[in-house]
Novice: 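Structure in structure tokens, see below.
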Number of protein chains: 4
Amino acid sequence: MVSNKFYAVVAGIGPGTGRSVALKFAEHYPVVLLARKPESYQDVVAQIKKAGGKALGVSTDATDESALASAFESVKKDVEFENLQLVAAIYNVRPGSRSSRKPFLELTLEDLDTSLQGNLRGLFTFAQSVVPQLLKSVESSPYPPTFILTGATASIRGSINWSVIAAGKSAGRIMLQSLAKEFGPKGIHVAHAIIDGGIDVPDEEHSANNDATPDGKISPFGIAESYWALHTQHKSAFTFEIDLRPFNEKF
Amino acid sequence: MVSNKFYAVVAGIGPGTGRSVALKFAEHYPVVLLARKPESYQDVVAQIKKAGGKALGVSTDATDESALASAFESVKKDVEFENLQLVAAIYNVRPGSRSSRKPFLELTLEDLDTSLQGNLRGLFTFAQSVVPQLLKSVESSPYPPTFILTGATASIRGSINWSVIAAGKSAGRIMLQSLAKEFGPKGIHVAHAIIDGGIDVPDEEHSANNDATPDGKISPFGIAESYWALHTQHKSAFTFEIDLRPFNEKF
Amino acid sequence: MVSNKFYAVVAGIGPGTGRSVALKFAEHYPVVLLARKPESYQDVVAQIKKAGGKALGVSTDATDESALASAFESVKKDVEFENLQLVAAIYNVRPGSRSSRKPFLELTLEDLDTSLQGNLRGLFTFAQSVVPQLLKSVESSPYPPTFILTGATASIRGSINWSVIAAGKSAGRIMLQSLAKEFGPKGIHVAHAIIDGGIDVPDEEHSANNDATPDGKISPFGIAESYWALHTQHKSAFTFEIDLRPFNEKF
Amino acid sequence: MVSNKFYAVVAGIGPGTGRSVALKFAEHYPVVLLARKPESYQDVVAQIKKAGGKALGVSTDATDESALASAFESVKKDVEFENLQLVAAIYNVRPGSRSSRKPFLELTLEDLDTSLQGNLRGLFTFAQSVVPQLLKSVESSPYPPTFILTGATASIRGSINWSVIAAGKSAGRIMLQSLAKEFGPKGIHVAHAIIDGGIDVPDEEHSANNDATPDGKISPFGIAESYWALHTQHKSAFTFEIDLRPFNEKF
């Protein structure tokens with residue numbers, strides 16, 4: 001039974017976490033999927049619709065202020081979303097980071113800026129767009145309106161070769177902590193997830209209902225379940241931070 | 001539909017968290033409730049049975065090695081529990097701590113020992129009893145066998161007047177972290193909850209289905225929901241630690 | 001006895017920490033003082049020279065790559081510094097942050113960028129300039145070459161109204177942790193100081209030798225002593241992080 | 001120039017940290033050395049005296065309330081110490097812990113109690129003995145009276161096979177944090193050192209003045225220098241916690 005009053009938005013759709021989170025929230029709400037390229041969301045939008053849900057993919061740079069504004073304009077004009085209120089926003093943007101895993105002296109300011117753009121400036125822009133919408137839903141939302149940030153081990157630890165990624169990730173986490181303290185008392189649930197391990201990218205044989213995730217990889221379906229559990233927490237028992245890791249991950 | 005193969009145990013039943021956790025897990029499993037005095041569990045056992053569940057209250061000192069062994073002996077002899085396997089164990093014992101919130105120089109070794117007995121030695125004893133049982137259930141359990149410890153703000157921070165309580169709580173948390181690292185790879189989900197705020201003790205007007213929890217207090221039903229969410233996490237996405245606090249709690 | 005082989009550099013000179021750190025290190029090394037405006041360093045340069053030390057003030061934007069390169073060029077051309085090797089670098093730049101202590105929805109991307117420029121991009125640029133110099137001094141330096149970052153409470157915690165400052169500060173801290181792990185094994189001591197409290201700005205009546213700091217304020221001379229203690233630590237006993245707060249500060 | 005008004009006490013003397021700390025503080029103060037067996041302190045007492053310092057070794061169980069009381073009685077009766085005031089107390093007791101590094105299910109309550117006795121109950125007892133003495137010295141002490149606890153990686157992290165050691169160590173750390181918050185405003189500097197690495201035990205060829213410490217081991221002289229730096233911090237700039245590790249230690 002998909003809501004006809006409320007919707008969720010997921011920024012950052014790839015084959016892993018973003019996709020699974022969209023699928024999970026689509027069991028309950030119409031979902032807007034934001035990604036740079038249509039090919040990132042097309043099949044998951046189709047999959048949601050096929051299962052009886054509602055989904056709207058929008059090509060945008062979620063880290064760019066005016067592009068994001070345009071994206072939400074187009075959501076407001078969509079016949080299925082125009083009257084819906086936002087009750088859940090997930091920021092899951094992953095800047096192309098592999099190339100910036102380098103010794104410090106080989107990095108450039110551009111590497112740092114790339115990490116900051118996706119991990120922090122984009123988060124800032126996205127939060128400024130969605131928080132006012134979430135505030136409007138506090139009274140009517142079935143669960144406390146929720147803002148979730150996908151973090152990583154680098155959000156709490158700087159390791160060799162991870163300097164610019166960890167800088168961006170940790171900055172996002174601490175900025176989010178400020179938001180949790182500011183907007184919690186106003187009724188918004190702000191939460192951070194430390195994803196501590198590699199994500200498994202499921203294929204046809206590996207769905208939410210089976211157990212094919214190889215040891216040492218995190219099932220994105222598992223992440224999605226925990227995000228939903230965060231969203232449905234009672235307002236007297238908000239979690240700010242969870243860690244998520246495979247049973248056999250060292251920590 | 002209550003399981004006829006598996007059971008859960010909750011050590012430490014009071015009017016708050018322990019009671020609510022027992023009620024929640026009793027929706028799925030027969031539940032053993034351990035408390036020093038029958039009056040602590042009698043009415044919740046009755047409430048579970050009335051709702052169609054199975055519950056067994058045992059008067060014991062869960063922090064005492066032989067008392068705890070006897071308690072599990074009596075579980076094994078109970079006609080409804082004798083063939084069940086343990087899949088969830090929650091340690092929720094609260095040593096009578098209010099009296100040990102004192103300036104450091106007014107405390108005695110006895111105050112320290114009281115905190116250690118309930119928060120650490122009891123946890124150790126309980127864990128040594130239940131972990132072998134949980135290990136036996138890894139293959140058959142519907143969800144990864146789970147061990148949850150109820151912690152508090154004092155588990156991560158020592159404040160004025162809280163020295164002996166914080167010592168016991170923090171020691172329990174770190175011991176649990178060792179267990180998470182040792183038994184996670186063997187399939188047991190070990191988790192710690194930082195309860196950051198006062199617990200509301202619900203009365204008749206205030207059940208799991210309404211919203212009567214006063215601002216600034218944590219609904220024990222909210223805690224119970226999060227414990228259940230921890231228990232049902234996929235083995236590729238275990239959370240070791242969550243914090244739980246009212247939306248308007250400062251942190 | 002001021003060294004005639006080695007020098008130190010302090011980026012960010014104001015009436016508090018930067019000035020005191022420069023004075024302390026000038027007891028042992030010639031010191032380069034970097035600040036945007038000459039009036040920030042002129043009197044402390046004079047004070048160092050009067051006391052028999054060597055000091056060179058350079059007007060530069062330490063957060064700007066080419067400005068910083070020019071600044072180090074002018075150091076290399078200075079007759080007193082041209083043959084000296086760098087053995088200590090302190091990054092103490094404080095972006096004009098008071099104006100960005102605002103509710104989140106009143107902030108702009110420009111506020112975020114201002115914090116990032118001073119707290120992170122500048123740190124990155126400065127570190128890329130000084131780390132190669134410090135590496136060259138590993139064998140000859142009397143103490144392990146040292147890089148110190150002045151942090152704050154906001155480096156480890158996001159509070160209401162501190163979102164953009166905390167983002168920049170925490171990012172700097174974690175980037176520094178990466179550097180500590182990468183360059184420690186190469187012989188450089190990388191350290192972070194969490195300054196937890198307001199800094200007292202000393203006047204004539206309040207020097208390093210008396211005790212006039214008002215309760216609740218940190219003496220910058222105290223900070224300078226701890227930075228020197230960090231610099232002189234044995235290479236087998238490096239501290240990555242210290243906190244510094246007044247005796248009566250709550251934490 | 002050894003003080004004739006003030007003294008220091010070090011509880012727990014072995015070939016590593018305790019010995020080096022006693023030697024360092026003996027450069028400034030008469031030092032009381034507490035150890036179970038005379039052979040633990042005899043040669044260091046002789047070494048201090050030979051260097052012109054004052055030292056008093058007392059055989060006692062520093063974790064036992066009445067034994068510790070007797071030990072301080074004998075200090076008060078010693079002709080060289082009878083009129084001195086305590087200004088520094090270091091708790092450096094290491095319970096025989098190697099035998100309790102075991103898989104959790106092989107441990108006994110006795111293993112836990114051994115860890116708690118040395119790491120926590122002893123700390124509690126020692127703190128209750130020395131804090132009142134330190135309070136009396138606040139006005140007269142040349143530096144803020146100081147209480148330092150030697151901690152370890154296990155003080156902040158529970159690892160496999162370290163459950164009972166980490167429980168004791170982390171409990172000590174958090175208890176100390178309570179003391180720092182309670183007694184800081186009263187003028188006592190309470191500090192915790194996380195020793196992250198193995199300690200080198202120096203021999204004749206390896207003194208405070210050379211650099212023979214093998215890579216990957218911590219020189220106890222380096223620890224002693226940092227403890228002295230903590231003791232001499234200005235009261236406006238107290239450090240609660242430092243970490244100490246070899247330059248090439250992974251962290």
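Numbers restart at 1 for each chain; the letters A, B, ... are given by sequence-line order, proteins then strands. When reading the values below, keep in mind they use all heavy atoms of this one structure, side chains included, and skip hydrogens, waters and symmetry mates.
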Novice: May I ask you to decide if the ring planes of C:Phe126 and C:Phe147 are parallel, tilted or perpendicular, using 30° and 60° as cut-offs?
Specialist: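 The rings of C:Phe126 and C:Phe147 sit tilted, inter-plane angle from 30° to 60°.
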
Novice: What are the residues of residues 241-251 of chain D, in order of number, with any heavy atom under 4.5 angstrom from a heavy atom of chain C?
Specialist: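 Listed by number, the contacting residues are D:Glu241, D:Ile242, D:Asp243, D:Leu244, D:Arg245, D:Pro246, D:Phe247, D:Asn248, D:Phe251.
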
Novice: Any idea which heavy atoms bring D:Ala166 and D:Gly158 closest together, and the distance?
Specialist: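 Smallest heavy-atom distance, with atoms named: CB-CA, 3.9 Å.
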
Novice: What residues of residues 134-144 of chain D sit under 4.5 Å from chain C when only non-hydrogen atoms are counted?
Specialist: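 Result: none.
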
Novice: Mind checking the CG-CG spacing from C:Leu123 to C:Leu149? Nearest 0.5 Å is all I need.
Specialist: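 C:Leu123 atom CG to C:Leu149 atom CG measures 5.5 Å (nearest 0.5 Å).
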
Novice: Between C:Thr239 and chain D, with a heavy-atom cut-off of 4.5 Å, which part of the residue counts as in contact: side chain, backbone, both or neither?
Specialist: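 Both parts, backbone and side chain.
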
Novice: Angle class for the D:Phe25/D:His231 ring planes (parallel below 30°, perpendicular above 60°, tilted otherwise)?
Specialist: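 Geometry flag for D:His231 against D:Phe25: tilted rings.
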
Novice: Between OG of D:Ser40 and CD1 of D:Ile13, what distance do you get to the nearest 0.5 Å?
Specialist: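 Between D:Ser40 OG and D:Ile13 CD1, I get 8.5 Å after rounding to 0.5 Å.
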
Novice: List in chain and number order the residues that pass side-chain hydrogen bond (donor to acceptor under 3.5 Å, both in side chains) with C:Ser115, two or more places apart in sequence or in another chain; answer none if no residue qualifies.
Specialist: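 Listed in chain order: C:Asn119.
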
Novice: Indicate the atoms forming the closest heavy-atom contact of D:Tyr29 with D:Tyr7, along with that distance.
Specialist: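 Distance-wise, the nearest heavy atoms are CB-CA, 4.1 Å.
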
Novice: Does a side chain donor of either D:Thr150 or D:Tyr227 reach within less than 3.5 Å of an acceptor in the other side chain?
Specialist: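 The criterion, which ignores hydrogens and geometry beyond distance, is satisfied for D:Tyr227 and D:Thr150.
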
Novice: Please find the pair of heavy atoms, one from C:Ala22 and one from C:Val31, that lie closest to each other, and give the distance.
Specialist: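 Scanning both residues, the minimum pair turns out to be O-CG2, 3.9 Å.
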
Novice: Run the side chain to side chain contact (heavy atoms under 4.5 Å, CB included) check on D:Ile218 and D:Thr213 step by step: do they pass?
Specialist: CA-CA 7 Å; D:Ile218 304 178; D:Thr213 301; over 6 Å; no

Novice: Suppose we screen for side-chain hydrogen bond (donor to acceptor under 3.5 Å, both in side chains). Which residues come up paired with D:Thr153, at least two apart in sequence or across chains?
Specialist: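 Counting only residues at least two positions away or on another chain, D:Thr153 forms a side-chain hydrogen bond (donor to acceptor under 3.5 Å, both in side chains) with D:Asp196.
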
Novice: Shorter than 4.5 Å, heavy atoms on both sides: which option in D:Pro185, D:Ala193, D:Ala180 has the most such pairs with chain C?
Specialist: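 The answer is D:Pro185.
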
Novice: Between C:Ala229, C:Gly184, C:Gly216, C:Gly222, which residue shows the highest count of heavy-atom pairs closer than 4.5 Å to chain D?
Specialist: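 Answer, by heavy-atom pair count under 4.5 Å with chain D: C:Gly184.
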
